[in-house]
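Inspection log for the structure reproduced underneath, given as structure tokens.
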Amino acid sequence: MTTPAIELTGLRKSFGAVEAVAGIDLEIADGEFFSMLGPSGSGKTTVLRMIAGFELPTAGTVALSGRDVTRLAPFERDVNTVFQDYALFPHMTVLENVEYGLKVRKVGRKDRRARAVDALASVRLEGFESRKPSEMSGGQRQRVALARALVNRPKVLLLDEPLGALDLKLREQMQVELKQIQRDVGITFVFVTHDQDEALTMSDRVAVFDAGRIAQVGTPEQVYEQPATPFVAGFVGTSNLLTGEVAVALVGKRGTYSVRPEKISLSETGIPGIVAEVIYAGPVTRYVVDLDAGARMTVVEQNQRTGTAALAELRGKPVHLTWLEEHVIEIPGAKENTDAP
Amino acid sequence: MTLSPWARWAMRVFMGAGLGFIYAPLMLVLINSFNGDRTFGWPPHDFTLRWWSSAWDNSGARDALWTSVEAGLGATAIALVLGTMVAFAVQRFKFFGRDTLSLLIVLPIALPGIVTGIALDSAWRSVVEPLGVGKGLFSVIVGHATFCVVTVYNNVLARLRRTGTNLEEASADLGAVPGQTFRYVTFPLIRSALLAGGLLAFALSFDEIIVTTFTAGPGITTLPIWIFNNLFRPNQAPVVNVVAAILIVLSVLPVWFAQRLAGPEAGASRT
């Protein structure tokens, strides 16, 4: 087996009485695009900062390519970071920013200039060399930050919500570009985000963080189709949870089950309910249906034939829902909660 | 807020009167330094540079100017080093008594000069002199530094608060050792705050008289003290005007530069 690019063992971090990271074991393979997904305050950024060396773990170790770096300073680690606010040096030009890592590592002037120009070209910023960061747009700054990190050819690139400040169009475009760059350079990307779309779209594997712990690690498909806990089911995509009596009535046994909104369809026969709300969202329409059995379900349907006028009339009307049995996922992590009387 | 035209005019008049009250006497000193009439008859009827050249020939005034420059540079140098270090400590580290320390650093500028002066005088007599360091220029520099530290401290602290630590983290992340981070990132970012704080410190020291009176050793005469000593000698009056004019210019210029360098927060530190 090859040595993982990053190996976290029993990692913990407390800030005073607050335990931000409560014990994490994780291996990230070489060349992987790995996302850490979770709501703010779930500890994902703290884990990233411990990998980079900005925070000292309270307990546990960080190993990079098999070497224990837990107590090493950031400048002694072969990782580079793209910061959430980019952290470009405002008093330097774009070229000087990109050159910086090579300059402090004593790479000759000619060599580093050439490499910085190359790096800027790889993020499509030729001709911006002599600009100041303040003279560039958010998307351009983001790319400078990326070039500044990549020019050092680190083993691992850490990205701390790098697309958070961009508008939707630019964000989608950068998602594609980042993925492409990662494939081209072949280095390990660790991508922190609270945006589940982003994590699912870009990653080879995703770790879902919940309150300082990892709730689930897996491919985007595993995390989405087989959520390990109710939290994962709710945070990654929308989920309809069936528990207690409702589960007994609809699934036939006790436990916690999840059905994704797009796996449900409205039909003539099936499980009866009343349409509580109809939300038109362009390509799809979301229906909120109160089942007679007692659960509130969200259903998403493609707007292939329907028009808005016909949709609005459905509100308050009885409907029937159907779904395939194989799309009912049992959530194992929730057992002890639901079995309790 | 909208004001009636009458109120607006009244405000303008008050403001004009207030500013006039502050600056007209200063203008008078400047104008009189060129007034040909020995008794400063008003309005001045002939223009002369005679007082300026006799001030230049006055060795007492020239020595005093030099002493003031030395004291100002010395106090500024101490203020720059100590003020910057304290600002870093307060902004970057959490420790017991941090807020108290911040208050103690700022307090000397609010303390009455006479209190600072008496305290330093007796401290120097009873503690420092027995150690073999008599009062002289050095004691003046130390006395001035006590309140000059504030200007540097305030400017650097404000700058550090604004820039945060992200850029230093980015620098370390890119492989810079702490020395390189300071040289390439931290120092360039606080440079203009240091300059602004230093200029203000120099200006504070340059026109200080009370603390100087108590801390100056024998034969140490700064420019303000020289003016004070010569104020009531009628034959020195024209030269005093010239020296006062120089003092005005040398005090105002640094403040003006400092304000331009550091933006709004610099002005607030000189209260």
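Below, read A as the first sequence line, B as the second, and so on, with proteins coming before strands; counting in each chain starts at 1. Since the structure is predicted, the reported quantities are computational estimates derived from the model, not experimental observations.
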Exceeds 12 heavy-atom contacts within 6.0 angstrom, atom CZ of Arg153(A): no
When every non-hydrogen atom of Leu88(A) is compared with those of Leu167(B), the smallest separation belongs to O-CD2, 3.2 Å
CD (Glu169(B)) and CD (Glu55(A)) are apart, to the nearest 0.5 Å, by 7.5 Å
Is a donor on one side and an acceptor on the other found under 3.5 Å between the side chain of Asp173(B) and the backbone of Phe75(A)?
-> no
When the 4.5 angstrom heavy-atom criterion is applied to Asn152(A) and chain B, the contacting part is side chain
Comparing His91(A), Arg49(A), Met92(A), Glu96(A) against chain B, the one with the most heavy-atom pairs below 4.5 Å turns out to be His91(A)
Minimal heavy-atom distance between Val104(A) and Gly175(B), with the atoms involved, is CG2-C, 3.7 Å
Next item on the list: Check whether more than 12 heavy atoms from other residues, nucleotides or ligands sit under 6.0 Å from atom CZ of Arg12(B), and answer yes or no.
Entry: yes
Tightest non-hydrogen contact, residues Tyr100(A) and Thr181(B), listed as OH-CA, 4.1 Å
Dump the intermediate steps for side chain to side chain contact (heavy atoms under 4.5 Å, CB included) on Phe89(A) and Leu174(B), then the final yes or no.
CA-CA 12 Å; Phe89(A) 305 123; Leu174(B) 291 164; 4.2 Å; yes
Cut-off 4.5 Å, heavy atoms of chain A, and the answer for Ser171(B) is both
Turns out that what part of Asp85(A) lies under 4.5 Å from chain B's heavy atoms comes down to side chain
(message) I'd like to know whether CZ of Arg8(B) has more than 12 heavy-atom contacts from other residues, nucleotides or ligands below 6.0 angstrom.
(response) yes
